[in-house]
Amino acid sequence: MTVVTRFAPSPTGYLHIGGARTALFNWLFARHHGGKYVLRVEDTDQKRSTQDAIDKIFEGLSWLGLDHDEEVIFQSQNAGRHAEVAAQLLSDGKAYKCYCSPEELTEMREKARENGTSGSFYDNRWRDRDPADAPAGVDPVVRIKMPLDGDTTISDLVQGDVTRTNDTLDDFVILRSDGTPTYMLAVVVDDHDMKATHVIRGDDHLNNAFRQFHLYQACGWDVPEFAHIPLIHGADGAKMSKRHGALGVDHYADLGILPETMRNYLLRLGWSHGDDETISTEQAIEWFNLDAVGRSPARFDMDRLLNLNSHYLKEADPSQLSETVLDIAVRNSEKPLSENARQRLEGGISGLVQRAKTVIEVVDSSNLYLYDAPLSFNDKAKELLADSEIQKRISDLAEILSGLTLWDENTLDSAVRAYADTNELKLGLVAQPLRAALTGSNVSPGIFEVMVVLGRDETLERLKLTSL
RNA sequence: GUCCCCUUCGUCUAGUGGCCUAGGACGCUGGCCUCUCACGCCGGAAACAGGGGUUCGACUCCCCUAGGGGAUACCA
């Protein structure tokens, strides 16, 4: 039997971090078992579903690199099939029509709350009532008959055996009065039709599993394996929601987080493989299993994400990363890029990446390579360059450097050191002024590396412009 | 209220009865390296929610309490 998993987002917003992880786990599980991972859009509630949200979710998923198999399923298109199943259940006597008014329902709900004896509230008043009693002009809903006694145990692959007494399960609605299916019916029918073998989803669905379990039984279908993974909480420990900092994955993309970082980070939230922290996607596919999924909720930690990102930034392909940086720079800046921007960036990017945690930081620090002189100076650099003694050093250096025949780090290094030695200066007192003049900043990659990447002409030009 | 789930350093976690005077990672922190900032390296502080059992022996098993979370719709 081939494994079939599915990710079933409801298109009422963007793809947030929790959904992204659910998708990742489903994807990983399917890939690990050589099975299928399919996407199903739960748009049963047409009023709340928007095309925009659907697009955003697809974008998020593809940014994450979670490719799906087969055609995307839109749940709303199966409404006919759902209604058929409900009709069958009705004729089998496993479901019935309920003509209760909203007022009656509210009343029952309040009463149940007062008694405080069970989680269910519907009092089954139409369960065995003669259909002839049906009030005229009322469109009924269809309710499924749940067992009246005994209990139900779900053997969850993550949570273990979870048992619930059946009297806490009431006859829930499977078909609305307008004939459309509720979520509870739709998932069961669709999961069955698409032959899902493993339902991996958020912990918040654990309670639903009990209801769905009986729906499967009423239909005479096999119940899939369930795996309810703990939720990701916000910094305050509450379920992630739009109010609790659950940002869309696109937000992290904009911040300059790499998809591979996100995959690794999300994987480690709730799943572990000994002490391993940085886990490539290939390894993740090889190692992933449901046994190692923890049962307690995790909190989102930006520092960890950033730390992981700096790791993947260093592993990123330099020329590909350069392209990305160039794209962003062009979009953000009104200044024209230097003719040599691409070449310099590719030469200097490894030094830049060494000091960055996000793509955006790489973009910011790459300014020294992207534009030709004159450059702009930050306060620290201006302050340093204002000193006449420093000015002297820079023009001395400009002269010495212009006389060099070789232009590599070693040559530059020894020339500058020699100058520092003869003037009895510590290297820092020479290197910092150079840094200020060459980069416009007090922080940069190694100064000799900068000179090499910039090349002789641009280096000399910058020195000349600042030593006037 | 009721039902369900959870509880190891601040955070993510290792740990499946003796290997634990509880390990790793992020963060914090002392130092080294050093042309700045990073990186890297060496060190430090930091946790088994509480109480009962079971056992020769509990972080690990059971019970209770507390705390946290989730679910309680003709939403998904």
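In the text below, chain A, chain B and the rest are named by the order of the sequence lines, each starting its count at 1.
- Using a 4.0 Å heavy-atom cutoff across all strands shown, Gly428(A) reaches sugar-phosphate atoms only and no base atom.
- Among the nucleotides rC6(B), rC4(B), rC35(B), the one closest to the side chain of Leu206(A) is rC4(B).
- Atom-to-atom, NE2 of His233(A) to P of rG68(B) comes out at 13 Å; the value is rounded to the nearest Å.
- In this structure, Glu277(A) reaches the bases: a heavy-atom distance under 4.0 Å links it to at least one base atom across the strands shown.
- Nearest-nucleotide mapping onto RNA chain B: of Arg299(A) and Gln75(A), the residue sitting toward the 5' end is Arg299(A).
- Side-chain proximity of Asn207(A) to the nucleotides rU13(B), rC6(B), rC3(B) is greatest for rC3(B).
- Between the C1' atom of rA76(B) and the CZ atom of Arg211(A) lies a distance of 14 Å, rounded to the nearest Å.
- At the heavy-atom level, Ser177(A) lies under 4.0 Å from base atoms of the strands shown.
- Each of Arg304(A) and Thr163(A) has a nearest nucleotide on RNA chain B; the 5'-most of these lies closest to Thr163(A).
- For the pair Arg109(A) CZ and rA71(B) C1', the computed distance is 14 Å after rounding to whole Å.
- You'll find that the side chain of Thr182(A) is closest to rA76(B), out of rA76(B), rC26(B), rC4(B).
- Across all strands, Asn208(A) comes closer than 4.0 Å to base atoms (heavy-atom distances).
- In this structure, the nucleotide among rC37(B), rC12(B), rA76(B) sitting nearest to the side chain of Arg355(A) is rC37(B).
- Taking CZ of Phe226(A) as the start and CG of Leu206(A) as the end, the distance is 9.5 Å to the nearest 0.5 Å.
- Straight-line distance from the CG atom of Asp156(A) to the P atom of rG70(B): 18 Å, rounded to whole Å.
- The pair Lys111(A)-Glu107(A) does not meet the salt-bridge criterion, since no charged nitrogen lies less than 4.0 angstrom from a carboxylate oxygen.
- For rC6(B), its base never sits under 3.5 Å from the side chain of Arg295(A) at any donor and acceptor pair.
- A salt bridge links Arg40(A) with Glu42(A): at least one charged nitrogen is closer than 4.0 Å to a carboxylate oxygen.
- Distance CZ (Arg201(A)) to C1' (rG70(B)): 14 Å, rounded to an integer number of Å.
- In this structure, Arg21(A) is positioned above the aromatic face of Phe25(A), its NZ or CZ under 6.0 Å from the six-membered ring centre and within 45° of the axis.
- One can place CG of Asn307(A) at 18 Å from P of rU11(B), the figure rounded to the nearest angstrom.
- When heavy atoms are screened at a 4.0 angstrom cut-off, Arg40(A) is found touching no nucleic acid atom at all.
- When each of rA76(B), rU13(B), rC35(B) is scored by its nearest atom to the side-chain atoms of Phe448(A), the top-ranked nucleotide is rC35(B).
- Closest to the side chain of Asp203(A), out of rA25(B), rU13(B), rC5(B), is rC5(B).
- Not a single donor-acceptor pair, N or O on each side, falls under 3.5 Å between the base of rC37(B) and the side chain of Ser444(A).
- Here rG70(B) is the nucleotide among rG70(B), rC35(B), rC6(B) with the atom lying nearest to any side-chain atom of Asp204(A).
- When distances are taken from the side chain of Val141(A) to each of rG69(B), rC74(B), rC4(B), the shortest belongs to rC74(B).
- Checked against the 6.0 Å centroid threshold, Phe121(A) and Phe172(A) do not count as a close aromatic pair.
- With rU13(B), rG27(B), rU36(B) as the choices, the nucleotide that has an atom nearest any side-chain atom of Lys357(A) turns out to be rG27(B).
- One atom, CG of Leu427(A), and another, P of rC37(B), lie 14 Å apart when rounded to the nearest Å.
- Of the candidates rC74(B), rA38(B), rU36(B), the closest approach to any side-chain atom of Gln354(A) belongs to rA38(B).
- For residues 347-368 of chain A, the set of pairs meeting the side chain to side chain donor-acceptor pair (under 3.5 Å) definition, not counting sequence neighbours, is empty.
- Following rounding to the nearest Å, Glu315(A) (CD) and rC39(B) (P) show an atom-to-atom distance of 16 Å.
- The phosphate of rU11(B) (OP1 or OP2) has no side-chain N or O of Arg268(A) nearer than 4.0 angstrom.
- Proximity of the aromatic rings of Tyr37(A) and Phe29(A) is defined here by a centroid distance below 6.0 angstrom, and this criterion is not met.
- Counting non-hydrogen atoms under 4.0 angstrom, His205(A) reaches a base of the nucleic acid.
- Gly270(A) comes within 4.0 angstrom of sugar-phosphate atoms only, judged by non-hydrogen atoms across all strands, and of no base.
- Note on Pro445(A): a base of the nucleic acid sits closer than 4.0 angstrom, heavy atoms only.
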